[in-house]
Amino acid sequence: MNVNDHFNDFPIDYFSLEIENFIEARGFENSSLANTHLQNSLDLITKETLLLNDEGYISESLAEKLDLDTKNTSVINCAVGQGKTTAILDLFAGYITHSDNSDTNVIIAVPLVSLISQYKKDLLDLGFVEEQIYCYENIRNEEQVDYLDSNIRIHLITVNTLLGNPGENAPLQSKAKNSYLQKLSKKFRLDNKKVIFIYDEIHEAIRNFSKIGEAHLYYFYEVISKNILLSATYNVQSIPVIKMLSKLTDGKIQILESEREIIREQSRLFLHFTNGYSSSHYYPITSLLQRLIREGKNIDVLCYSKLLCKKLLDPKIEPGNSLTEKFGTLRDCTSNLEDNQYRTDEDISVNRFNNEFCNIGTNFKSGVSINKDNHAFVIILPPKSKGSYFSSNGIFTEGINAIIQSIARQRTVGEIHIVLPHPILMDYNSLRDMSLEQKNAFMEAYNQISINPSAIRNRNRVSTSEVKYIPFSEHFNVIRDKYSELIRSLLLPYWNHNLDIPDIYDYVMENGEMILTLEGFLGKNLSSFVTYSAFTNQFYNARLAGFYYAPALDQEEFRQVMRIAYEEYNEDSNNTHKHLSVKYREVRDKIIGSVPLSYDSNTVAKLKTEIYKYVTTQAEISGVPPRKLSLKYLAVEYANFNDNCTPERRNFSERIKTFIDKVHNSKIASVNNEPAYFKNYEEVKIFENEENELLNLIQEIKEKNPALKLNGANFFRNIKLEDIAPKFYDYIIDSFYKTASYRPRDGETQKKYRRIV
């Protein structure tokens, strides 16, 4: 029984937009004035519930409650996968094509360029034609498409364009974009047009709104007839943005929220807890992907780090090699934006998610629908925090809503695998609304994978606290408390009546995200949020099916597993006379393949050492000298150091690994029926001008490992400087590959190469 089976009827928590959030009575000292202000505000703001149909969609209810003729700002807050975008498209398509509404145009503003192409496809599918749609990418080529053409009814642009956002590297928006806003709004005004604005995936654009952006919106003040905002993950920062947009609709706000009731089948969710990965060392991720390949899954990988994505995409190393063999060309979906934060308009040429490929990247945590059968979606969260003050989480920097959106990308039922660090121990007194049975089940499961903060070492004597559960309903309070601290500090030591104190909405817009993500549960320790949500069935489209972690290594138990595996291997007569290095590799792979994926590479390296010692000991007993295996073991040992090593040892490992990688990269790949092979050193000369560094490394190996007494190290005894490069080249080939002679002809000359067998 999984821990989440205790939470089958547990309600899904989400950020609910409350009418009170939009009413600020500060400045009304007289209670009667405050009451009048409150009543006037209540008259302008309404809230209704969107009901789900039998299939779990909001379409019928939305059509009933959303009046496109009413001037207001309609905010649609529904769960992922409840059909909000499809429902809106159907509604406004029918509306603007009706003869009574020929004077109405639509501007759809989205945060991501990828959404523009998707919207255009959807509009064409609805029956619109190219001549009726104007797209963002044409703004730079005014002579190509005339956006003032009266046939155009729909404009697809980015939110940044609409807000006049120039990005972080320019003081002003480009002339072409500013001209577009001025001329288009003037054309609408002179032609007496009405304009409906639709902001889809508004959660991704919250950070782009500002006072300057608000000023740009007033180009359309006289023609706007309605704002429609769509998202599944509103947050506190949404509130000032909604208020800002509502100024254009006379302050009227309509909140439409859906039920969070699970009706359709959910994907199976698996959590893989490990602290043994980074952008440099990622053995658990490689193991997981290789297993999914063996299971025949279609795979996509969304990762916190562009650097790690590039490693996973590399076809010359694992897992990129296995992924390439399985899927062909891999699709690089890494963004060109710093930390993948959408503060500026994206380059249209950036690779986009494509359902026909295996996609690996950072730029599809939102705005993408993955529709693949037999699909495994792998999400890699940031590894454990490096510091106690601030943690950069890459594409997940904005916190928990990025997690919810990412998991929601999979629209066809399949598997979702999340690789994440072990969470910090939770303050169980902060848990809400659980029965005693549920709380005990949660604590038992969470204790298995959590880290006690007392075991975490921080700099400057800063202590790590237990993580506290914070429901969505308290997010506004967290920021308001910080705001109150600010106000109190400004009142001391004296009050200045000329001081222009920012109101709470400006404060929320500017500081809200940072304040929330500094809370462990809401950003700094994202794994605690994911774990809590999975254990209590909080994800709308995915249900926990299992979680994995590496228990403490029991040496005696492992030796028993190793002995049995070796004996079973030797029972096969085909294995009796195999080369010792082949035996070691096959026994190693057999055993390592059965250990938890979440063991870090340092632990796996130790296990390989144990296997090596056992296999060589058995070889000595049977009279087989392990000379070649010694070579292989020494190279593997130094190639498997990781971030858990001391800086000195890690630096040494990286130096020797640089040379090892050069040999790997010099391999000539197999083409047609020709084998993969290595040329002789004189043709490649990959260590030219590095002979002294190689000699120093060999000497350090001998000094650091006097107890090993490996024949492989003795191989370099009394070696001359001019001989070290070709000798080391052959040494690495012998260490990692089994080879045979290969003598192809090049004209009249017969080469002496080594083919890989």
Side-chain angles (χ1 to χ4, degrees), residues 274 276 281-295 317-319 321-322 325 548 550-642 660 664 676 705 707-713 731-740 756-757:
T274 173
H281 303 281
Y282 40 88
Y283 174 81
I285 298 166
T286 298
S287 298
L288 172 60
L289 291 172
Q290 289 175 330
R291 194 194 79 192
L292 294 173
I293 290 170
R294 291 194 298 270
E295 293 175 358
I317 58 176
E318 291 296 345
N321 181 264
S322 296
E325 286 184 4
Y548 307 97
L553 181 63
D554 187 319
Q555 293 285 356
E556 191 58 41
E557 181 180 344
F558 180 74
R559 292 191 188 98
Q560 181 74 356
V561 170
M562 184 168 53
R563 182 185 63 78
I564 294 173
Y566 185 80
E567 290 176 356
E568 289 177 349
Y569 177 84
N570 267 353
E571 287 176 0
D572 187 343
S573 59
N574 294 326
N575 297 330
T576 305
H577 301 293
K578 285 184 177 179
H579 192 281
L580 191 56
S581 63
V582 176
K583 278 190 175 183
Y584 163 66
R585 184 176 67 250
E586 292 181 350
V587 172
R588 178 201 65 194
D589 292 346
K590 176 183 176 67
I591 298 171
I592 295 299
S594 65
V595 304
L597 295 177
S598 47
Y599 274 138
D600 60 39
S601 55
N602 201 38
T603 301
V604 172
K606 291 178 181 178
L607 299 182
K608 289 178 179 178
T609 302
E610 292 295 321
I611 298 168
Y612 162 77
K613 291 177 181 178
Y614 186 83
V615 172
T616 53
T617 299
Q618 297 303 312
E620 291 172 356
I621 292 173
S622 62
V624 180
R627 178 180 175 84
K628 281 283 186 182
L629 189 58
S630 300
L631 296 175
K632 185 176 184 70
Y633 169 66
L634 189 61
V636 170
E637 178 184 1
Y638 283 100
N640 275 293
F641 288 153
N642 63 26
I660 292 171
H664 288 321
N705 299 274
L708 286 177
K709 298 180 181 179
L710 293 175
N711 290 329
Y731 165 78
I732 296 300
I733 293 173
D734 286 335
S735 298
F736 284 90
Y737 302 90
K738 183 179 180 182
T739 62
I756 300 170
V757 297

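This one's a predicted model, so the numbers in the text were calculated from it and none came from an experiment.
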Once rounded to the nearest 0.5 Å, what's the spacing between atom [atom1] of [X] and atom [atom2] of [Y]?
| X | Y | atom1 | atom2 | value |
| --- | --- | --- | --- | --- |
| E318 | Y282 | CD | OH | 9.5 Å |
| S322 | R294 | OG | CZ | 9.0 Å |
| L288 | T274 | CG | OG1 | 11.0 Å |
| I756 | I733 | CD1 | CD1 | 8.0 Å |
| N321 | Q290 | CG | CD | 9.0 Å |

